[in-house]
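Below is one structure, written out as structure tokens, with a few remarks after it.
Below, chain A is the first sequence line, B the second, and so on; all start at residue 1.
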There are 2 protein chains.
Amino acid sequence: MRVLVVEDETRVASAVKRGLEAEGFAVDVAMTGTDGLWLAQENDYDVIVLDIMLPGMNGYRICSTLREGGNWTPILMLTAKDGEYDEAEALDTGADDYLTKPFSYVVLVARLRALLRRAGRSETVMYEAGDLRLEPALHRVWRGDTEISLTAREFSVLEYLLSRAGDVVSKRDILEHVWDFDFEGDPNIVEVYVGRLRRRVDEPFARRAIETVRGAGYRLRTDGGR
Amino acid sequence: MRVLVVEDETRVASAVKRGLEAEGFAVDVAMTGTDGLWLAQENDYDVIVLDIMLPGMNGYRICSTLREGGNWTPILMLTAKDGEYDEAEALDTGADDYLTKPFSYVVLVARLRALLRRAGRSETVMYEAGDLRLEPALHRVWRGDTEISLTAREFSVLEYLLSRAGDVVSKRDILEHVWDFDFEGDPNIVEVYVGRLRRRVDEPFARRAIETVRGAGYRLRTDGGR
DNA sequence: TGCGCGCGATGCGTGTGCTCGTAGTGGAAG
DNA sequence: CTTCCACTACGAGCACACGCATCGCGCGCA
């Protein structure tokens, strides 16, 4: 699955690239509008993530240029909500979906999946670790046969941990992927949410799927904590 | 089922394309009148959606050209209600039905289904989830054996939820599919209508088919809420 | 045929419960 | 003993649900 990311903010671009690659996407990044257009025309991507504010050539022009050339690759446009540019205009120029900044990585992935699904290019995804099961599209989680209800944020954290099951995931990673890219609050919030998750998915079932790796982060056991 | 959409407003075109593809139609889009006529003549579509105001060649001329050439593919014409062009003229030139802009996606689909049904090219579609049943063509809804009467808007929302039964559907999705493409009111209206639907299809039967997924959207249970 | 009245559909404003994030303290590991 | 993590309590903000005003349409009557 090939993805082109056209984004000049290095921080966002690299976080997205790392994350998508970890999920098995092949990611190209363009830091300028002209580069982005060039890459999009020269290669056959499955989906394009396109920032609007770009040096060289803005996202609208890239988008409409591609469409005029008969290129109908699904495009997800990133819009700032400062009013200067808006979503309607994004769709007008031929984008398939939009996302307002700031956004978090997991939301981006969810939207990409939806786009790919609509384009008929992807199969339904499901995460599994032992008897712990999570379906992103359905927004549902099970331990064995019993369903667990989680809040949106709890769900996102668990989804990310599951997407990297077996790995040690640093708190910084979690923060960068689950929270908005411009979140600047207390990193302690990650610990709070891991705690809440344990209380919901581990304790009632006498398991310990989420392990603490002191000084490094957390690891979700691939056997679900048996 | 093949559909040709001739429409120059990218926003409308891509929204229609996405939606129809999600329902299993094969959709071609033409952005100019000349392209549209060309595609319509070269391919055998099951139905054609045709905007009137088009760059290159307007919808009337495309329509009458096709009819003169012996092409009787059902045509649904899109008219703006500014009075410059009108519906009578659309039908005169050989269109089978018309729709005034702005329109919402579900209305478009309903009309297309009606056209296909009249042309004898489509099987009756029916949505089912547990004992909840909806027939788009008849515009009727049942819970078990008792019929439920809904307003147009309520029906549209339920139809869309049923078309994606089991999935979490975001409020934004519902808004974009059920309301006019240019609706810019309070998104809160979605919550209002979900509430009304519950009062009509859930509460009287002590069911809960429509679940709230806080922070994500709504989900229609595939078992109808048993 | 034209005007007026009533009802139903639609969408907006407002209240409330829940979620989220912060701060602070207690505890365990190294 | 120090550092890092777990847990709790609480306040602010938001997502959601509910009642109400408005708009438009259809029916009835003149």
Discussion item. With a 4.0 Å cutoff (strictly under), does any side-chain N or O of Thr151(B) reach OP1 or OP2 of dG8(C)?
Written reply: no
Worksheet item: Does Trp179(A) offer a backbone N or O that forms a donor-acceptor pair with the side chain of Ser104(A) under 3.5 Å?
Response: no
Practice prompt. Check the angle between the aromatic planes of Phe103(A) and Phe181(A) and answer parallel, tilted or perpendicular using the 30° and 60° thresholds.
Written response: perpendicular
Fill in: Length of the CD-P vector between Glu191(A) and dG24(C), whole Å
16 Å
Item to complete: Rounded off to whole Å, could you give me the CG-to-C1' distance for the Asp186(A) and dC7(D) pair?
Response: 14 Å
Worksheet entry | Test item: Arg221(A) side-chain N/O and Ala209(A) main-chain N/O as donor-acceptor pair under 3.5 Å | no
Item to complete: Can you sort out which residues in residues 193-212 of chain B have a heavy atom within less than 4.0 Å of DNA chain D? Ascending by number, please.
Response: Arg198(B), Arg199(B), Thr212(B)
Practice prompt. Find out whether Leu54(A) and Val6(A) are in side-chain contact, i.e. whether some heavy atom of one side chain is under 4.5 Å from a heavy atom of the other.
Written response: yes
Worksheet item: Roughly, in whole Å, what's the span from CZ in Phe183(A) to P in dC20(C)?
Response: 12 Å
Worksheet item: Is it true that Glu159(A) and Arg164(A) have a side-chain N and a carboxylate O under 4.0 angstrom from each other?
Response: no
Discussion item. Is the phosphate of dC5(D) approached by Lys171(A) (side-chain N or O, under 4.0 Å from OP1 or OP2)?
Written reply: yes
Worksheet item: To the nearest angstrom, how far is Asp182(A) atom CG from dG21(C) atom P?
Response: 12 Å
Worksheet item: Excluding sequence neighbours, so at least two apart, what forms ring pair (Phe, Tyr, Trp, His ring centres under 6.0 Å) with Phe205(A)?
Response: none
Worksheet entry | Residues from residues 214-221 of chain B lying under 4.0 Å of DNA chain D - heavy atoms | Arg214(B), Gly215(B), Tyr218(B)
Discussion item. For a quick check under 3.5 Å, do His177(B) and Tyr105(B) share a side-chain donor-acceptor pair by atom type?
Written reply: no
Practice prompt. State whether the distance check finds a donor on one side and an acceptor on the other, under 3.5 Å, for side chain Asn188(B) versus base dG13(C).
Written response: yes
Worksheet item: Between atom CD1 in Ile189(A) and atom C1' in dC7(D), what is the gap in whole Å?
Response: 13 Å
Discussion item. Between Asp180(A) and Arg153(A), does any NZ, NE, NH1 or NH2 come within less than 4.0 Å of an OD or OE carboxylate oxygen?
Written reply: no
Practice prompt. Check whether NZ of the Lys or CZ of the Arg Arg198(A) lies under 6.0 Å from the centre of the six-membered ring of Tyr193(A) and within 45 degrees of that ring's axis.
Written response: no
Worksheet item: 5'-most contact on DNA chain C: Ala152(B) or Trp179(A), nearest heavy atom basis?
Response: Ala152(B)
